[in-house]
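Pasting a structure below so you can have a look.
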Amino acid sequence: MKNLLIISSTKNTNLDLSYEIKKYLDNFSDGEISVLSLEEYDLPLYTPTLEEKFKQNNSFPDTIERVKKILINSRAIIWCSPEYNGGISPIVTNTIAWISRATEDWREAFKDKKILICSSSGGNGKNFIKGFRIQLDYLGSNVSEDYIIRTKKNGGDKDNFEQILTKFYEQLNN
Ligand SMILES: Cc1cc2nc3c(=O)[nH]c(=O)nc-3n(C[C@H](O)[C@H](O)[C@H](O)COP(=O)(O)O)c2cc1C
(Lines give C-alpha, C1' and ligand atoms only; values in the text may rest on other atoms or scores of the structure.)
Protein backbone atom coordinates (compact mmCIF):
# COMPACT_ATOMS: atom_id res chain seq x y z
CA MET A 1 0.00 0.00 0.00
CA LYS A 2 1.55 3.28 -1.06
CA ASN A 3 0.63 6.85 -0.27
CA LEU A 4 -1.90 6.75 2.51
CA LEU A 5 -2.66 10.35 3.34
CA ILE A 6 -3.91 11.47 6.75
CA ILE A 7 -5.44 14.94 6.58
CA SER A 8 -5.92 17.08 9.65
CA SER A 9 -8.23 20.00 8.97
CA THR A 10 -7.27 21.81 12.16
CA LYS A 11 -4.14 22.06 14.24
CA ASN A 12 -5.05 20.96 17.75
CA THR A 13 -6.82 17.76 18.79
CA ASN A 14 -7.45 16.65 15.20
CA LEU A 15 -3.75 16.93 14.46
CA ASP A 16 -3.01 14.92 17.62
CA LEU A 17 -5.49 12.30 16.43
CA SER A 18 -3.86 12.27 12.98
CA TYR A 19 -0.42 11.54 14.44
CA GLU A 20 -1.87 8.91 16.74
CA ILE A 21 -3.39 7.19 13.69
CA LYS A 22 -0.08 7.44 11.82
CA LYS A 23 1.81 6.00 14.76
CA TYR A 24 -0.53 3.02 14.93
CA LEU A 25 -0.48 2.33 11.18
CA ASP A 26 3.29 2.78 10.90
CA ASN A 27 3.57 -0.47 12.91
CA PHE A 28 2.48 -2.56 9.98
CA SER A 29 2.86 -0.29 7.02
CA ASP A 30 4.69 -1.26 3.87
CA GLY A 31 4.21 2.11 2.25
CA GLU A 32 4.33 5.80 2.80
CA ILE A 33 1.95 7.35 5.35
CA SER A 34 1.99 11.12 5.59
CA VAL A 35 0.10 13.76 7.52
CA LEU A 36 -1.18 16.89 5.79
CA SER A 37 -2.07 19.70 8.19
CA LEU A 38 -4.45 21.90 6.21
CA GLU A 39 -4.18 24.94 8.44
CA GLU A 40 -0.48 25.20 7.61
CA TYR A 41 -1.34 25.99 3.99
CA ASP A 42 -3.56 28.93 4.86
CA LEU A 43 -5.49 28.76 1.57
CA PRO A 44 -7.33 31.94 0.55
CA LEU A 45 -11.10 32.01 0.90
CA TYR A 46 -12.69 30.70 -2.28
CA THR A 47 -14.75 33.23 -4.21
CA PRO A 48 -15.60 33.10 -7.93
CA THR A 49 -14.03 36.58 -8.26
CA LEU A 50 -10.72 35.40 -6.82
CA GLU A 51 -10.76 32.31 -9.01
CA GLU A 52 -11.28 34.52 -12.06
CA LYS A 53 -8.30 36.63 -11.01
CA PHE A 54 -6.07 33.56 -10.71
CA LYS A 55 -7.26 32.31 -14.10
CA GLN A 56 -6.47 35.64 -15.72
CA ASN A 57 -2.91 35.23 -14.38
CA ASN A 58 -2.93 31.66 -15.70
CA SER A 59 -2.00 30.19 -12.33
CA PHE A 60 -3.36 29.23 -8.96
CA PRO A 61 -1.24 30.05 -5.88
CA ASP A 62 1.48 27.58 -5.00
CA THR A 63 -0.31 26.53 -1.80
CA ILE A 64 -3.37 25.38 -3.77
CA GLU A 65 -1.19 23.55 -6.30
CA ARG A 66 0.72 21.81 -3.52
CA VAL A 67 -2.40 20.61 -1.70
CA LYS A 68 -3.88 19.52 -5.04
CA LYS A 69 -0.81 17.46 -5.90
CA ILE A 70 -0.71 15.78 -2.49
CA LEU A 71 -4.40 14.86 -2.75
CA ILE A 72 -4.16 13.56 -6.30
CA ASN A 73 -1.10 11.45 -5.49
CA SER A 74 -2.72 9.82 -2.46
CA ARG A 75 -4.20 6.35 -2.90
CA ALA A 76 -6.43 6.59 0.17
CA ILE A 77 -7.28 9.19 2.78
CA ILE A 78 -8.01 9.25 6.49
CA TRP A 79 -9.57 12.65 7.11
CA CYS A 80 -9.64 14.08 10.69
CA SER A 81 -11.81 17.11 11.14
CA PRO A 82 -13.91 18.83 13.81
CA GLU A 83 -17.66 19.33 13.65
CA TYR A 84 -18.60 23.01 13.43
CA ASN A 85 -22.20 24.11 13.97
CA GLY A 86 -23.56 20.68 13.23
CA GLY A 87 -21.65 20.34 9.99
CA ILE A 88 -18.45 20.58 8.01
CA SER A 89 -15.84 23.16 9.02
CA PRO A 90 -15.10 26.01 6.57
CA ILE A 91 -11.48 24.94 6.04
CA VAL A 92 -12.68 21.63 4.57
CA THR A 93 -15.34 23.20 2.35
CA ASN A 94 -12.85 25.83 1.21
CA THR A 95 -10.15 23.27 0.39
CA ILE A 96 -12.54 21.09 -1.59
CA ALA A 97 -13.84 24.12 -3.48
CA TRP A 98 -10.31 25.12 -4.60
CA ILE A 99 -9.23 21.59 -5.48
CA SER A 100 -12.39 20.99 -7.52
CA ARG A 101 -11.66 24.17 -9.51
CA ALA A 102 -7.91 23.63 -9.90
CA THR A 103 -8.26 20.15 -11.42
CA GLU A 104 -9.41 19.35 -14.94
CA ASP A 105 -11.99 16.86 -13.75
CA TRP A 106 -13.49 18.40 -10.60
CA ARG A 107 -13.69 15.00 -8.92
CA GLU A 108 -10.14 13.94 -9.82
CA ALA A 109 -8.66 14.23 -6.32
CA PHE A 110 -11.47 12.23 -4.68
CA LYS A 111 -12.98 9.85 -7.23
CA ASP A 112 -12.76 6.12 -6.37
CA LYS A 113 -10.57 6.89 -3.36
CA LYS A 114 -11.09 4.96 -0.13
CA ILE A 115 -11.72 7.41 2.69
CA LEU A 116 -12.12 6.96 6.44
CA ILE A 117 -13.71 9.91 8.24
CA CYS A 118 -12.49 10.73 11.77
CA SER A 119 -13.37 13.55 14.09
CA SER A 120 -12.20 15.09 17.32
CA SER A 121 -15.11 17.34 18.24
CA GLY A 122 -16.60 19.05 21.26
CA GLY A 123 -19.78 16.94 21.08
CA ASN A 124 -20.29 13.62 19.32
CA GLY A 125 -19.40 14.88 15.82
CA LYS A 126 -22.04 12.69 14.18
CA ASN A 127 -23.61 15.45 12.10
CA PHE A 128 -20.21 16.18 10.61
CA ILE A 129 -19.66 12.49 9.83
CA LYS A 130 -23.08 12.28 8.17
CA GLY A 131 -22.70 15.50 6.17
CA PHE A 132 -19.13 14.84 5.08
CA ARG A 133 -20.04 11.35 3.92
CA ILE A 134 -22.76 12.80 1.67
CA GLN A 135 -20.27 15.27 0.18
CA LEU A 136 -17.55 12.66 -0.38
CA ASP A 137 -20.08 10.28 -1.95
CA TYR A 138 -21.00 13.08 -4.34
CA LEU A 139 -17.31 13.48 -5.21
CA GLY A 140 -17.13 9.79 -6.08
CA SER A 141 -15.15 8.59 -3.05
CA ASN A 142 -15.53 5.18 -1.55
CA VAL A 143 -16.29 6.17 2.06
CA SER A 144 -15.86 3.59 4.81
CA GLU A 145 -18.95 2.77 6.85
CA ASP A 146 -16.76 2.96 9.95
CA TYR A 147 -15.60 6.18 11.54
CA ILE A 148 -13.58 7.27 14.56
CA ILE A 149 -14.92 9.87 16.97
CA ARG A 150 -13.06 11.55 19.80
CA THR A 151 -14.82 13.92 22.15
CA LYS A 152 -13.78 15.90 25.20
CA LYS A 153 -15.71 13.47 27.43
CA ASN A 154 -14.76 10.32 25.60
CA GLY A 155 -11.05 9.87 25.04
CA GLY A 156 -11.91 7.05 22.66
CA ASP A 157 -12.18 3.29 22.84
CA LYS A 158 -8.67 1.94 22.14
CA ASP A 159 -9.84 -1.47 20.87
CA ASN A 160 -12.37 0.12 18.56
CA PHE A 161 -9.74 2.60 17.29
CA GLU A 162 -7.31 -0.20 16.49
CA GLN A 163 -9.99 -2.46 14.96
CA ILE A 164 -11.30 0.24 12.63
CA LEU A 165 -7.82 1.27 11.48
CA THR A 166 -6.67 -2.31 10.96
CA LYS A 167 -9.80 -3.11 8.93
CA PHE A 168 -9.43 0.05 6.82
CA TYR A 169 -5.74 -0.59 6.22
CA GLU A 170 -6.28 -4.23 5.25
CA GLN A 171 -8.99 -3.26 2.76
CA LEU A 172 -6.50 -0.99 0.99
CA ASN A 173 -4.46 -3.96 -0.13
CA ASN A 174 -7.42 -5.62 -1.87
C1 LIG B 1 -17.27 27.66 15.14
C2 LIG B 1 -17.29 26.41 15.94
C3 LIG B 1 -18.41 25.61 15.92
C4 LIG B 1 -18.43 24.41 16.64
N5 LIG B 1 -19.53 23.62 16.55
C6 LIG B 1 -19.50 22.37 17.10
C7 LIG B 1 -20.59 21.46 16.87
O8 LIG B 1 -21.55 21.76 16.23
N9 LIG B 1 -20.48 20.24 17.43
C10 LIG B 1 -19.39 19.83 18.16
O11 LIG B 1 -19.35 18.69 18.59
N12 LIG B 1 -18.37 20.69 18.40
C13 LIG B 1 -18.39 21.94 17.87
N14 LIG B 1 -17.32 22.80 18.06
C15 LIG B 1 -16.18 22.35 18.87
C16 LIG B 1 -15.07 21.73 18.02
O17 LIG B 1 -15.53 20.59 17.33
C18 LIG B 1 -13.90 21.33 18.92
O19 LIG B 1 -13.39 22.50 19.53
C20 LIG B 1 -12.80 20.60 18.20
O21 LIG B 1 -11.98 19.99 19.16
C22 LIG B 1 -11.93 21.49 17.35
O23 LIG B 1 -10.89 20.72 16.72
P24 LIG B 1 -9.35 21.03 17.00
O25 LIG B 1 -9.07 20.69 18.45
O26 LIG B 1 -8.58 20.13 16.06
O27 LIG B 1 -9.12 22.48 16.71
C28 LIG B 1 -17.30 24.01 17.40
C29 LIG B 1 -16.18 24.85 17.42
C30 LIG B 1 -16.16 26.01 16.70
C31 LIG B 1 -14.91 26.87 16.71
Side-chain angles (χ1 to χ4, degrees), residues 3-27 29 32-48 50 61 63-64 66-101 109-110 113-139 141 143-169:
N3 281 338
L4 170 60
L5 178 65
I6 304 170
I7 300 178
S8 178
S9 301
T10 46
K11 268 205 311 204
N12 298 315
T13 56
N14 282 279
L15 191 56
D16 295 342
L17 178 59
S18 300
Y19 280 114
E20 209 181 311
I21 291 170
K22 176 170 161 49
K23 192 173 165 203
Y24 178 71
L25 291 177
D26 275 343
N27 285 326
S29 166
E32 191 187 320
I33 301 180
S34 49
V35 174
L36 170 70
S37 175
L38 277 181
E39 264 198 79
E40 298 294 333
Y41 287 79
D42 204 16
L43 301 187
L45 177 65
Y46 176 84
T47 61
L50 190 56
T63 48
I64 294 175
R66 276 162 50 215
V67 173
K68 177 180 103 176
K69 205 166 151 202
I70 295 169
L71 274 166
I72 287 176
N73 288 338
S74 67
R75 265 200 54 198
I77 300 172
I78 296 178
W79 201 319
C80 302
S81 211
E83 176 171 296
Y84 277 3
N85 301 310
I88 302 169
S89 61
I91 192 163
V92 174
T93 308
N94 192 52
T95 302
I96 292 176
W98 279 122
I99 302 308
S100 71
R101 301 302 286 172
F110 306 97
K113 216 160 265 185
K114 287 185 179 162
I115 299 189
L116 176 69
I117 304 174
C118 304
S119 183
S120 170
S121 293
N124 72 21
K126 288 221 169 118
N127 283 309
F128 159 68
I129 305 275
K130 223 190 287 172
F132 197 32
R133 180 190 302 281
I134 291 170
Q135 182 166 31
L136 290 170
D137 279 344
Y138 186 74
L139 290 163
S141 305
V143 186
S144 169
E145 281 175 17
D146 297 322
Y147 49 82
I148 292 172
I149 289 179
R150 283 281 162 86
T151 65
K152 287 216 171 92
K153 278 191 203 139
N154 154 25
D157 174 342
K158 185 168 171 276
D159 290 345
N160 197 39
F161 174 88
E162 293 184 354
Q163 247 173 38
I164 289 171
L165 289 177
T166 305
K167 185 175 152 199
F168 183 72
Y169 188 79

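Indexing begins at 1, ligand by ligand and atom by atom, following the structure's order.
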Neighbour count above 12 (heavy atom, 6.0 Å) for F161 CZ: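 Count over threshold, so yes.
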Just list the side-chain donor-acceptor pairs under 3.5 Å for residues 115-129, sequence neighbours left out, or say none.
| from | atom 1 | to | atom 2 | distance (Å) |
| --- | --- | --- | --- | --- |
| S119 | OG | S81 | O | 2.6 |
| S119 | OG | S121 | OG | 2.7 |
| S120 | OG | T13 | OG1 | 2.7 |
| S121 | OG | E83 | N | 2.8 |
| N124 | OD1 | K126 | N | 2.9 |

Which pairs of donor and acceptor atoms, one on a side chain in residues 87-97, lie under 3.5 Å apart (sequence neighbours left out)?
| from | atom 1 | to | atom 2 | distance (Å) |
| --- | --- | --- | --- | --- |
| T93 | OG1 | S89 | O | 3.4 |
| N94 | OD1 | Y46 | N | 2.7 |
| N94 | ND2 | P44 | O | 2.9 |
| T95 | OG1 | I91 | O | 2.6 |

Parallel, tilted or perpendicular: rings of F110 and W79 (30°, 60°):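 Parallel, since the angle between the ring planes stays under 30°.
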Test applied, side-chain contact (heavy atoms from CB on, under 4.5 Å); reference residue, K22; option that passes from L17, I78, I33, L4: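 Among L17, I78, I33, L4, the one that satisfies the side-chain contact (heavy atoms from CB on, under 4.5 Å) with K22 is I33.
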First-shell residues of ligand 1 [heavy atom, distance under 4.0 Å]: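 Its neighbours under 4.0 Å (heavy atoms only) are T10, N12, T13, N14, P82, E83, Y84, N85, G86, S120, S121, G122, G123, given by chain and number.
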Qualifying residues under side-chain hydrogen bond (donor to acceptor under 3.5 Å, both in side chains), relative to K167, sequence neighbours excluded: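 K167: side-chain hydrogen bond (donor to acceptor under 3.5 Å, both in side chains) contacts with D146.
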